[in-house]
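Predicted model only: the values in this text are computed from it and were never measured. All ligand and atom numbering here is 1-based and tracks the order in the structure.
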Amino acid sequence: MQTASFRRTLSSVMLGALAICQTAMGTPNTGSDTAREDVAKTPAARPDAPWWKEAVVYQVYPRSFNDTNGDGIGDLNGITAKLDYLKALGVDTIWLSPHFDSPNADNGYDIRDYRKVMSEFGDMDDFERLLAGMNKRGMRLIIDLVVNHSSDEHRWFVESRRSKDNPYRDYYTWRDGKDGAAPNNYPSFFGGSAWKKDEATGQYYLHYFAGKQPDLNWENPEVRAEVHDIMRFWLDKGVSGFRMDVIPFISKQDGLPDLPAQALAHPEFVYANGPRIHEYLQEMNREVLSRYDTMTVGEAFGITFEQAPLFTDARRHELNMIFHFDLVRLDRDGWRKKDWTLPELKATYARIDRTGGDHGWNTSFLGNHDNPRAVSHFGDDSPEWRAASAKALATMMLTQRATPFLYQGDELGMTNYPFRGLEDYDDVEVKGQWRDFVESGKVSADEYLAHLRQTSRDNARTPMQWSDAPNGGFTTGKPWLAVNPNYPQVNAASQVDDPGSIYHHYRRLLEVRRQTPALIHGQFRDLDPANPKVFAYTRTLDDKRYLVLINFTRETVAYDLPEGLKIAATLLDNGAAQESMQPGAASVTLQPWQATIYRL
Ligand code: TEU
Ligand code: CA
């Protein structure tokens, strides 16, 4: 409760800041007007729309995608080998999770050398072959820019920790302790304090994540110039942009004061609100991004809806899009699973859509490598309903006014893993939480594990299930993380062969989306926000109008169309519908987990 009111306070502060900055720019205050309207204005149908608005992105978590040399770890050649699979699905852009040299304290989100390929994944020749294979197929690659922190094994940090007067000292944040303890009360997301004492100098360094992930000091212009150089290095190789890891965290609070008690459980709302974040992003845009044709998407952990336009309003020249976490975190608070309702989900979608406004653009995603499997938290992963509900979720995700980001395996309806004990998990976050919550006696092991089973990041990190061969065809060796035992039933080979599969529903959705500008650019309107069973919305562009109806239950539900709406034809159904629509019908009987796009 305290956290909620703290968030609200921050939000209203930031809403004020938005109004001020827009006035300062001499433009009407459209951002906050849009935020108050129920329905956002429709952007014009734009044949000149930037490519990244119409792109369909597929996230590859390389460690778990496809292993070609039998060491149990996915590799770049494994991605190259599957480009035809992705192309056939209808994907045109790949977001590659970190592929850089790393000691893997956090699976590559701890980078030792930003210009080198992780040896487990291959080498630069493999990278260039992957890129060439993508170019040949008209696909683009965006890579992960992880520059809030580096690895403690990065050359900069190895130098930095040596002495207080080392030329690299200021690449990181060092402080004296306070009364024999850490400089302030900042917690780390991976357990314990965000400060670690370093023996060489007796000072503490700041790390928002693991101790092996020291935060870079963006106050130092040399650090910013280094990052710009790294970006140019990869853009010059031919990548088309970046997904920016926890990018709002790069600007630290002036003076690093203690967090107020009510902020301790969610420090991200403070970490994301440093005073110079927008200055740094505008500088990055000026120095680098504006000189290339790129897609940028910021992982906006800690950013409220009201703040979003500060990052994505095109007139501000920062980022193209951000990832909002409110939707994927609807059913959890940290490691705790919580209940969610359909009206809450709809309200979140409506708010996400509004924050795009006239000058911004959104992302649509239901999963990634940090969240459990989409079908297991928003769908129904029981054998009976898994396929229908996975298709329903796909219909929802791919008919939003946003650039979709598919996560590997979701196109097959891959599910959460049946974890038993602590020993089944690999994630560094789990180890930290175990110390903070279980070993400290705050929570029982049983309680923690029961929640973790449903919320753990490892649910999404189990290897891709390519076929019913041993280990799902992911590797001929021993996989680094166990393959979900349901791979004989859930795998790509069988779905590619089956026109009624989840895979083919994704493929058809992407095709329909490409051919239907209203499904990309059209105005979004939720017809029935309070309905607890059916998500009903229209997408409208000029005189073209579509209706999406999704039944989120195991029951048959009769849905009466609002006055004045008349169905002209069915555009695409997820295979659940039983009756063919009578043109002009005023009511639809929706089968369990039916999801249908109609033309009005
Ligand atoms: O994640 C950012 C992030 O803060 C959370 O989503 C995080 O996964 C955790 O659940 C917070 O409790 C990004 C990456 O996506 C993630 O894989 C990395 O571990 C993290 O940053 C550090 O680089
Ligand atoms: Ca390998």
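Nearest protein heavy-atom contact of atom 12 (O) of ligand 1 is E429 OE2, 2.6 Å. Of the protein's non-hydrogen atoms, R457 NH1, 3.6 Å is the one closest to atom 7 (C) of ligand 1. Of the protein's heavy atoms, E299 OE2, 3.0 Å lies nearest to atom 1 (O) of ligand 1. Regarding atom 23 (O) of ligand 1, its nearest protein heavy-atom neighbour is D245 OD2, 2.7 Å. Remark: minimum distance from atom 18 (C) of ligand 1 to any protein heavy atom is reached at D106 OD2, 3.2 Å.
Proximity annotation for atom 6 (O) of ligand 1: of R243, Q213, R329, R329 comes nearest, heavy atoms only. Nearest residue to atom 15 (O) of ligand 1 from V328, D370, V146 is D370 (criterion: closest heavy atom). Comparing heavy-atom distances from atom 4 (O) of ligand 1 across F325, Y61, F301 singles out F301 as nearest.
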(request) Any chance you could lay out the ring pair (Phe, Tyr, Trp, His ring centres under 6.0 Å) test for W340 and F378, step after step, and finish with the verdict? (result) CA-CA 9 Å; W340 63 280; F378 293 123; 5.1 Å; yes
(request) Given side chain to side chain contact (heavy atoms under 4.5 Å, CB included), test Y205 with K197 step by step and report yes or no. (result) CA-CA 7 Å; Y205 66 87; K197 188 172 179 178; over 6 Å; no
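In this structure, a donor-acceptor pair under 3.5 Å is absent between the side chains of H154 and Y172. Of the N and O atoms on the side chains of S150 and Y171, not one donor lies less than 3.5 Å from an acceptor on the other residue.
Taking the ring centre of W195 as origin, the terminal cationic atom of R175 falls outside the region bounded by 6.0 Å and 45° from the ring axis.
Side-chain atoms of D110 do not come within 3.5 Å of backbone N or O of Q213 as any donor-acceptor pair.
Inspection of the environment of the Ca ion (ligand 2) yields the following protein N, O or S atoms under 3.0 Å: D67 OD1, N69 OD1, D71 OD1, I73 O, D75 OD2.
In this structure, F405 and W95 have perpendicular ring planes: the angle between them is above 60°, well past the 30° mark.
Under a 4.0 angstrom heavy-atom cut-off, E268 registers as lying outside contact with ligand 1. Between R332 and ligand 1 there is no heavy-atom distance shorter than 4.0 Å. Not a single heavy atom of Y208 sits under 4.0 Å from any atom of ligand 1.
A side-chain contact (heavy atoms from CB on, under 4.5 Å) with Q433 is found for one member of L452, V438, V428 and no other, namely L452. The one candidate from Y85, W466, F121, Y407 that meets the ring pair (Phe, Tyr, Trp, His ring centres under 6.0 Å) condition with F65 is W466.
In summary, the aromatic rings of F301 and F189 are positioned with their centroids under 6.0 Å apart.
Each salt bridge (charged side-chain N to carboxylate O under 4.0 Å, His left out) pair with one or both residues in residues 404-425, not counting sequence neighbours, appears once here: R373-D410, R420-D424.
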